[in-house]
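A short worksheet on the structure shown next.
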Amino acid sequence: MTIFNMPATIPLSAQAIASLKDFEKIFPIKKKIKIFSGGIVMDMMKFAPEPFKIKMVEPMGNLDKEERKEAIKTAGYNTFLLKSEECFIDLLTDSGTNAMSDRQWAGLMLGDEAYGGSRNFYHLEETVRELFGFQYIVPTHQGRGAENILSSLTIKPGDYVPGNMYFTTTRFHQEHNGATFRDVVIDEAHDPNAILDFKGNVDLNKFQALIDEVGADRIPYICLAVTVNLAGGQPVSMANIKAVSEMAHKYGIKVMFDATRCVENAYFIKIREKGYEDKTIKEIVHELFSYGDGCTMSGKKDCLTNIGGFLCMNDKDLYIRATGMVVQYEGMPTYGGMAGRDMEAMAIGLKESMEFNYISHRVNQIRYLGEKLDAAGVPMVKPSGGHAIFVDARAFLDHLDQKTDFPAEALAAAVYEFSGVRTMERGIISAGRDNKTGENHVPKLETIRLTIPRRVYTYAHLDYVADAIIQLYQIRHDISGLKWVYEPEVLRFFTGRFEPKNGELIKGF
Ligand SMILES: Cc1ncc(COP(=O)(O)O)c(C=O)c1O
Ligand SMILES: N[C@@H](Cc1ccc(O)cc1)C(=O)O
């Protein structure tokens, strides 16, 4: 199908075609695209505009260069410790940073703040049952509240929990309860340059090898993340989910999803996996979860809210034990740390997230930024994922050593100092230390994450971000490595402090 006047030699990705087809179904506008030879390919492609209008605005920080230098120094060169008002464009995370819709804000007014039996809980429960298909839902204050309950109730010391790459808080709770995490993601997930449609897939041989090595009775569940955050927001295919489920269930191992970005995963299945092109996002999400036994959910991402989470399961006994724990750590089983109004906003947000226009625009914003950076030669994890662009800090700062200079931590600080854009380190500092040997984990991926909040920034903001990174790339060898000033014992990336090894973070800036 010809979407608009464009020579056949310019390849359009499946994502671009899906988003444009959908847009043109509604608005039959054919845009004539100018082709510049040797220009940036990205500029020749059309992206569907934002499927929302802006009703309320929030000013952004606008510190000058000297103020930014002072701010990042005060923050110990850790972008987590900057004040929000010190940031121009804040791409630290897509967690809790979503813009809610007018429907969600209206929903807040329907908050039933009863201590027990809030009607908003029943609305949320009904919504999650309808969309995810799980029988029981336990609300929590955010995702790690659900991880805490699941890990405490199912893990015995000496157990193993396989997963398609680690996530910081998830692994923390597994280890805290005595388990060893085992990475069973395909090897390509650790290679920034391996281009695969489903780079978050589980390697079934690795999963089988773990079962053979330790025995199925020491594996309470496999944690299956959809999408895989630290691999770059990479999706898992439905075929792989099905195969994992069959293997796990054959051995009596439960499949517990990390459902945090399941809608983004469903979008990739729709546009990349044969047989799913005509299914709705809702149908795909439902099918995906039908292969599992439950999930943990950080509601601060795909639920389009600012706080909240939940734990789901089909096993009644596990549910009863989870309600026993939720009252100890979160609150009554009908609010679990969330206000009634937040549960209402979450139920509405979850339904909105299933709309193709929304999710298509969301994921295409990531692609837009990725293609701009890629066209300028900035090294990054490819293909671009569902929530963020991960710049390959090891290749960007090839004069720095991963183990002694912390290139990703340094690059995140430098991007801020240079442009006011806040990003996040995702490398050796995030990976932490082995909880038994005390040695540093040394991840293959040493990246900074440019995480795009949902419905918050426009394409013009992303242009600024791309220009900033591209210009910084020209002077990359002026960026100094960092050294520790304070290293916290657990989850050290959140509050650790550093200083530049050469005195100045960006020489002469
Ligand atoms: C994949 C994934 N799992 C779990 C969590 C934990 O969720 P929360 O931040 O809501 O505690 C997060 C974010 O922190 C995440 O990205
Ligand atoms: N889950 C959120 C918040 C978070 C960030 C870093 C972490 O390691 C843990 C949690 C995110 O991925 O952005």
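We count ligands from 1, going down the list as the structure has it; atoms in each ligand are counted the same way.
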Under 3.5 Å between any N/O of F167 and any N/O of ligand 1: does that happen in this structure? no
Heavy atoms only: which of R426, R261, K301 lies closest to atom 6 (C) of ligand 2? R426
Who's the nearest protein heavy-atom neighbour of atom 5 (C) of ligand 2, and how far? M424 CE, 3.6 Å
Side chain of N120, backbone of D112: donor and acceptor closer than 3.5 Å? yes
Indicate whether the side chain of N229 and that of H387 have a donor and an acceptor atom separated by less than 3.5 Å. yes
Test salt bridge (charged side-chain N to carboxylate O under 4.0 Å, His left out), reference E352, set R362, R455, R454, R103, output is R455
If you measure every N/O of T169 against every N/O of ligand 2, is any gap under 3.5 Å? no
State whether the shortest distance between N or O atoms of T169 and N or O atoms of ligand 1 falls below 3.5 angstrom. no
Shortest protein contact, atom 11 (O) of ligand 1 (heavy atom only): R144 NE, 2.7 Å
Any residue meeting side chain to side chain contact (heavy atoms under 4.5 Å, CB included) with E126, in chain and number order, not counting sequence neighbours: none
In the protein, which heavy atom is nearest to atom 7 (C) of ligand 2, and how far is it? T168 OG1, 3.3 Å
What are the atoms of ligand 2, with element, lying closer than 4.0 Å to any heavy atom of F494? 7 (C), 9 (C), 10 (C)
Please write down residue, atom name and distance for the protein heavy atom closest to atom 13 (O) of ligand 2. R449 NH2, 2.4 Å
Would you confirm whether K199, through its side chain, and A194, through its main-chain N or O, come within 3.5 Å as a donor-acceptor pair? yes
Give a yes or no answer on whether the side chain of R68 reaches the backbone of L63 with a donor-acceptor pair at less than 3.5 Å. yes
Out of H141, K301, E147, K300, who is nearest to atom 14 (O) of ligand 1 when you count heavy atoms only? K301
In this structure, does ligand 2 have an atom that sits under 4.0 Å from one of the heavy atoms of N229? yes
Taking the six-membered ring for Trp, is the centroid-to-centroid distance between Y335 and Y115 below 6.0 Å? yes
Any idea which protein heavy atom is nearest atom 4 (C) of ligand 2, and the distance to it? F167 CZ, 4.2 Å
Can you confirm if the aromatic rings of Y136 and Y319 lie within a centre distance of less than 6.0 Å? yes
Under-4.0 Å heavy-atom contact with ligand 1, by part of Q142 that carries it: both
Tell me whether the rings of F134 and F289 are parallel (<30°), tilted (30 to 60°) or perpendicular (>60°). tilted
Check ligand 2 against T93 and write out every atom of the ligand that is under 4.0 Å from a heavy-atom position of the residue. 2 (C), 11 (C), 13 (O)
Going by distance only, is there an N or O of R144 that falls short of 3.5 Å from an N or O of ligand 2? no
